[in-house]
Every structure is written in structure tokens, then in C-alpha cells.
Amino acid sequence: MEIDEAKLQRNWPLPPAGTRIRNAFNGETFIFTHVDEGASEFQCDVFIEAGGMKTGTGRQHLHPDADEEFIVKAGKLKLMVDGEWRMLTPGERFRVQRGVPHLFRNGHEGKTVFTAKFTPAQQFLRFFLNMSLNTANHPGWYDERGEPPLLLRALALHAFAGHGYGAGIPIWLQKVLFAALTPLALLQGYSLAVPPRRLGALPNNGPKQRKPADV
């Protein structure tokens, strides 16, 4: 069973800048401030509600081919980099080099807003659109913490290979596992909300864009 990528791309034009998608599990809202697939870097804002993103699995992840920069605009952001915690306040930033394990949490009980910037852009726009839309539109697929099942995680990380992996497990092993589990994920009814763009395909973020919307 295969993903009909061409059909998905025809039927899912990219949303306009300003689209907000909320994760009800952890109080995190992605604000897609930049929707440009031709850009050399991708950035979006992340709004964390008061009391949101205080806990999680504690599992660090990494991006093997892109640096990620965290720029705090309001509140406090607690950032773990290679197992060590640091606190960022408004105006502060920290660049996590590609391949370095990391995770983040809300650093206080109030609201926090930060910009996440990825260099190069790869397909992180579609990667985060897919992740946030599936959480919003299919909450029944996730556990009480908002964690996806292994099959859904495998489907997304295989489709967007090279964008993100769990720390502490050889990447080659994760790639093999995700590829093997993807057909099972499709048979179980899991799907991508947004497909990856084919290599060499032209960006599709022109006249068909929809009006800004909160999800």
C-alpha cells in the first residue's frame, strides 16, 4: 500500500502565513509565520500556554542535516542540549548544531513564545504542518500525553527522512525500522496530513492558498 503523493499535493495547497495550529494535549501552538518553500531557512513561532509543555517523555531528538536556533520572545524556555539544561529568557537565543540531541520545555508557569529557525530549510515547513495537523485533526491516534504510536511516528519520519530522529539509537537502524513499519501504518489507517514535496518539484504556495485559520 503506497502513498499517492501526487494526489495529496494536488489536494493540499499550503496554508498562508499566519496560520495557527494548536496541540490540545500540551498547550503548544505552532504559528506558521513564514510559508515559503523556496527559502534557504525555515522558521515559525511557537506559543506555549501557561502550564503547557512542562513535562514530556524526556526523550531527546536530533536533526542530522540542519541546525536549529531557539529565539525567545516572551516568557522562559528551558532547553536541554546534549543532556544539559539551560534557561533562555526574552532576547536570548541558542543555536543547536545539527546532530546534537536536544529537547525543550516551558521554563515557568506562565506563557512562553519563541521562534524556531532551521538552517537549511529542508522540508521542515511540511514536516511541522503534518505533525501539528494530525495532532489537531486525529486526537484519537495519540495517547494522553499527545505521543503518537510507533506506526504513525514511523510513517511520518520515513516520509520526511533526514529531518528528525530519536537520540541514542543509530540513525541507520531507525531508517530501516521506519521503512519496514510504513506499510503497516497505512494498513492500520494512519495517514499524512501533508506530504513531503518531491525532489525537484516546484513550490506550491501560490494562488490556491487558503485564508488564515486557527485549528
Side-chain angles (χ1 to χ4, degrees), residues 2-3 5 8 21 23 25-26 28 30 32 37 39-44 46 48 53 55-71 77-86 94-105 114-135 138 141-143 145-188 190-199:
E2 297 182 354
I3 300 170
E5 183 181 308
L8 280 170
I21 305 176
N23 184 330
F25 291 101
N26 59 18
E28 175 188 62
F30 278 90
F32 291 92
E37 295 200 277
S40 61
E41 61 185 23
F42 165 71
Q43 70 178 65
C44 67
V46 179
I48 306 174
M53 285 293 291
T55 61
T57 62
R59 183 189 306 117
Q60 294 184 91
H61 65 275
L62 57 86
H63 309 292
D65 300 315
D67 299 341
E68 181 177 7
E69 187 172 16
F70 295 85
I71 307 166
L77 186 69
K78 191 176 181 182
L79 182 64
M80 177 185 283
V81 180
D82 206 10
E84 296 186 2
W85 287 108
R86 65 186 65 233
F94 188 88
R95 189 182 187 94
V96 179
Q97 300 294 323
R98 62 196 67 190
V100 177
H102 61 281
L103 62 81
F104 69 86
R105 294 284 180 264
F114 69 92
T115 296
K117 183 184 296 185
F118 292 83
T119 308
Q122 295 184 271
Q123 295 198 50
F124 280 105
L125 169 60
R126 288 174 178 260
F127 178 85
F128 286 112
L129 279 168
N130 174 73
M131 182 180 71
S132 55
L133 279 169
N134 264 346
T135 306
H138 301 284
W141 289 354
Y142 298 79
D143 66 19
R145 298 176 304 181
E147 289 292 316
L150 177 59
L151 288 179
L152 180 56
R153 189 188 301 273
L155 174 63
L157 295 182
H158 177 62
F160 291 94
H163 285 68
Y165 297 98
I169 304 173
I171 290 178
W172 69 264
L173 180 59
Q174 295 184 63
K175 288 182 175 180
V176 170
L177 178 63
F178 297 157
L181 292 179
T182 286
L184 297 177
L186 295 170
L187 286 172
Q188 288 294 316
Y190 296 118
S191 60
L192 298 174
V194 180
R197 190 178 72 250
R198 296 188 304 276
L199 291 177

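For the single chain, residues carry numbers from 1 onward in sequence order.
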Drop me the distance from L192's CG to L129's CG, to the nearest 0.5 angstrom.
12.0 Å
Tell me, please, which residues at least two apart from K117 pass salt bridge (Lys or Arg N to Asp or Glu O under 4.0 Å).
E41
Yes or no on side chain to side chain contact (heavy atoms under 4.5 Å, CB included) for T119 and R95, after CA distance, side-chain angles and deciding distance?
CA-CA 10 Å; T119 308; R95 189 182 187 94; 3.7 Å; yes
Quick check for you: to the nearest 0.5 Å, what is the distance between D143 atom CG and F25 atom CZ?
7.5 Å
Could you tell me whether the side chain of I21 reaches within less than 4.5 Å of the side chain of F32, counting heavy atoms only?
yes
Ring centre gap for F94 and F104 strictly below 6.0 Å
no
State whether the side chain of Q60 and the backbone N or O of G83 hold a donor-acceptor pair below 3.5 Å, judged by distance alone.
yes
With sequence neighbours excluded, residues passing side-chain contact (heavy atoms from CB on, under 4.5 Å) with R98:
D67, P120
Output the distance between atom CG (L133) and atom CZ (F30), rounded to the nearest 0.5 Å.
11.0 Å
Looking at residues at least two apart in the chain, or sitting in another chain, which of them share a side chain to side chain donor-acceptor pair (under 3.5 Å) with Q174?
none
Could you report the tightest heavy-atom contact between I171 and P64, atom names first, then the distance?
CD1-CB, 4.1 Å
Going by the rule side-chain contact (heavy atoms from CB on, under 4.5 Å), which residues pair with H158 if we only count those two or more places apart in sequence or in a different chain?
F178, A179, T182
Straight-line distance of E147 CD to T135 OG1, nearest 0.5 Å:
9.5 Å
A121: partners by side-chain contact (heavy atoms from CB on, under 4.5 Å), with sequence neighbours left out
F42
Could you walk me through whether R105 and M53 pass side chain to side chain contact (heavy atoms under 4.5 Å, CB included), step by step?
CA-CA 5 Å; R105 294 284 180 264; M53 285 293 291; 4.0 Å; yes
Could you work out, with side chain to side chain donor-acceptor pair (under 3.5 Å) as the rule, every residue matching S191, not counting sequence neighbours?
none
Closest non-hydrogen atoms of H102 and V100, given as atom of the first, atom of the second and distance, are ND1-O, 3.0 Å
Side chain to side chain donor-acceptor pair (under 3.5 Å) partners of E69, counting only residues at least two apart:
R93
Quick one: list whatever passes ring-ring contact (aromatic ring centres under 6.0 Å, His included) with F127, sequence neighbours left out.
F124, F160, H163
Under the side-chain contact (heavy atoms from CB on, under 4.5 Å) test, residues paired with N134 that sit two or more places apart:
N130, H138, W141, Y142, L152, A193
How about L103 and W85: do any of their side-chain heavy atoms sit closer than 4.5 Å?
yes
In short, salt bridge (Lys or Arg N to Asp or Glu O under 4.0 Å) pairs touching residues 161-184 with sequence neighbours left out are none
